[in-house]
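Structure first, then comments.
A quick note: this is a predicted structure, and the numbers were derived from the prediction, not measured. Position 1 is the first residue of the sequence; numbering continues from there.
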Amino acid sequence: MKRIILLAALLLAASACDTTRQAPGNTNTPAPPANIAASATPMNTDAPALNSEITDKEKQIWETLKKKDMAGFAAMLADDYIYISGGGVYDKAGTVNGLKQVELTDLTLSDWKTLMLDKDAALVTYTINMKAASGGQPIPTTPLRASSVWVNRGGKWIGVYHQDTEIGERPSGQPTGSKPQAAASQPAEAKPAESNSDDPIAREKQIWEALKKRDYVTFANSLTDDQLEVTSSGVNDKVGSVNGVQKVDLSNATLSNFKAVKLNSNASLVTYMVKVPADISPNPERASSIWVNRGGKLLAIFHQGTEVKP
């Protein structure tokens, strides 16, 4: 029970499988594979006023927790709010109840980045360093990479999703037998015929089928140009994600427990479990992807994986 409370506390936010990947900005990151079509024009993420407003919202919700203002905290969350951590998946009531016994004694939020999903939905990612106690007992913790989604509903920005992932470097390299192929060798026509489906769960399964076949062209063409991926070892852009999946053999990955949550008329969140038998992690992951409609086509704009804790 204490572990559940801890994990909920570590998130405290409103709102593919984690592999060793290079973070954006690394000049040694190779270019995306050939034959990758440019996705629809990304949303403008350079609107300082709106980006600042979303970041301020995330900071404000943390302030309610520091003050133990649970009513104020709950008021900033949507009724269909979902929180994902290594210890479980929580709805709004479960998150609020789990935090009631937690006291924050020290908190530092850093490395902010905002991504507009559309004009009425925004994702914010950042790093959490904190100290906390539950029932007067210190809670051991590690730094976290956190992501939250805020949506404008009825003129009010409210949190609908949050996920945290413990920061930690995984060993580099590939599992035995993994032999990534150059994406340029994959023909463009290898893309599944159903790739224009408007079902986000179907699209998530299709993207995994491409990865199992090492069809990195189809994988890359399923992502928006401004796509972000949050892992235990870093925050990747599209180039980093495409490069990263080529380092791990995903041919035997198993997926389960799919659920889709409509964020708004243009964006959907897909959550599920993923296990890679030959992966460098012995535990499955809770994965989340956000799909958005760009130019009439459903594309993945965000992904985060969190290792399940025993």
Side-chain angles (χ1 to χ4, degrees), residues 7-16 18 43 45 50-51 53-62 64-65 73-96 98-99 109 112-128 144-154 156-165 200-201 203-204 224 226-231 235 257-274 285-293 298-306:
L7 291 166
L10 294 179
L11 177 58
L12 309 182
S15 248
D18 176 16
M43 297 296 298
T45 59
L50 185 53
N51 288 353
E53 180 180 0
I54 299 303
T55 302
D56 288 344
K57 285 287 185 183
E58 192 73 14
K59 293 177 180 179
Q60 288 168 18
I61 204 165
W62 278 93
T64 64
L65 292 169
F73 173 74
M76 298 182 74
L77 305 182
D79 291 339
D80 55 350
Y81 172 84
I82 182 172
Y83 161 46
I84 299 173
S85 76
V89 179
Y90 307 90
D91 59 11
K92 178 177 179 177
T95 302
V96 174
L99 292 171
L109 309 177
W112 294 91
K113 185 176 183 62
T114 306
L115 174 64
M116 297 305 300
L117 307 180
D118 61 29
K119 65 182 181 64
D120 291 317
L123 175 118
V124 59
T125 69
Y126 55 102
T127 300
I128 302 172
L144 302 169
R145 300 192 199 283
S147 303
S148 294
V149 170
W150 293 81
V151 294
N152 186 337
R153 293 181 179 174
K156 178 182 179 182
W157 286 92
I158 54 177
V160 295
Y161 157 82
H162 186 95
Q163 183 164 348
D164 59 43
T165 300
I201 292 180
R203 292 289 285 121
E204 190 73 21
T224 63
D226 53 351
Q227 182 257 6
L228 286 179
E229 178 188 26
V230 175
T231 77
V235 179
N257 300 350
F258 278 91
K259 181 179 180 181
V261 178
K262 196 79 170 176
L263 301 177
N264 62 17
S265 60
N266 191 58
S268 295
L269 171 74
V270 175
T271 65
Y272 56 101
M273 297 282 287
V274 58
E285 285 191 343
R286 291 188 175 89
S288 302
S289 293
I290 296 177
W291 291 83
V292 294
N293 189 318
L298 207 57
L299 298 172
I301 192 171
F302 171 77
H303 183 84
Q304 183 163 349
T306 300

- Separation between CD1 of Ile84 and CD of Glu285, rounded to the nearest 0.5 Å: 12.0 Å
- Do the side chain of Arg203 and the main chain of Leu298 share a donor and acceptor less than 3.5 angstrom apart? yes
- Task: Kindly indicate whether the side chain of Asp56, heavy atoms from C-beta on, has any atom under 4.5 Å from the side chain of Gln60.
- Result: yes
- Expected output: side-chain Arg286 to main-chain Thr271 donor-acceptor under 3.5 Å: no
- Message: Restricting to non-hydrogen atoms, name the atom on Leu269 and the atom on Ser288 that form the minimum distance, rounded to 0.1 Å.
- Response: CD1-CB, 4.0 Å
- Task: State, with a plain yes or no, whether a side-chain heavy atom of Ile61 is found less than 4.5 Å away from one of Leu65.
- Result: no
- Could you grab the distance from atom CD1 of Ile290 to atom CD of Glu204, nearest 0.5 Å is fine? 11.0 Å
- Message: Does any part of the side chain of Phe73, heavy atoms only, come nearer than 4.5 Å to the side chain of Thr95, both counted from C-beta?
- Response: yes
- Message: Exactly one of Asp118, Asn264, Ile301 should register a side-chain contact (heavy atoms from CB on, under 4.5 Å) with Val292. Which one does?
- Response: Ile301
- Item | Ser147 and Thr125: CA distance, side-chain angles, deciding distance, side chain to side chain donor-acceptor pair (under 3.5 Å) verdict | CA-CA 4 Å; Ser147 303; Thr125 69; 5.5 Å; no
- Could you check Asn51 against Met116 for side chain to side chain contact (heavy atoms under 4.5 Å, CB included), going step by step and ending with a plain yes or no? CA-CA 8 Å; Asn51 288 353; Met116 297 305 300; 4.0 Å; yes
- Query: When rounded to the nearest 0.5 angstrom, what is the spacing between NZ in Lys262 and CG in Asn266?
  - Reply: 8.0 Å
- Message: With a 4.5 Å cut-off on side-chain heavy atoms, are Ile54 and Glu58 touching?
- Response: no
- Shortest non-hydrogen separation from Tyr90 to Ser85 and the atoms involved: CE1-OG, 3.7 Å
- If the plane angle is over 60° it's perpendicular, under 30° parallel, otherwise tilted; pick one for Phe258 and Tyr272. parallel
- Roughly how far, to the nearest 0.5 Å, is the CD1 atom of Ile158 from the OH atom of Tyr81? 12.0 Å
- May I ask you to check whether over 12 heavy atoms, not counting those of Lys113, lie within 6.0 Å of atom NZ? no
- Using modelled atom types only, decide if a donor and an acceptor are shared between the side chain of Thr165 and the backbone of Thr231 within a distance under 3.5 Å. no
- Over all heavy atoms of both residues, which pair between Val270 and Trp291 is shortest? Give the atoms and the distance, please. CG2-CD1, 4.0 Å
- Approximate separation, where rounding is to 0.5 Å, of Ile82 CD1 and Leu77 CG: 12.5 Å
- Where is the tightest heavy-atom contact between Tyr126 and Ser148, given as atom of each residue plus distance? OH-OG, 4.2 Å
- If only atom types and distance count, is the side chain of Thr306 paired as donor or acceptor with the main-chain N or O of Asp164 below 3.5 Å? yes
- Item | Between Glu53 and Trp150: side-chain donor-acceptor atoms closer than 3.5 Å | no
- Can you measure from CZ (Phe302) to CG (Leu117) and round to the nearest 0.5 angstrom? 9.5 Å
- Message: Less than 4.0 angstrom from a charged side-chain N to a carboxylate O is my criterion; do Asp79 and Arg153 meet it?
- Response: no
- Item | Over all atoms of both residues, closest heavy-atom pair of Val149 and Val151 | CG1-CG1, 4.1 Å
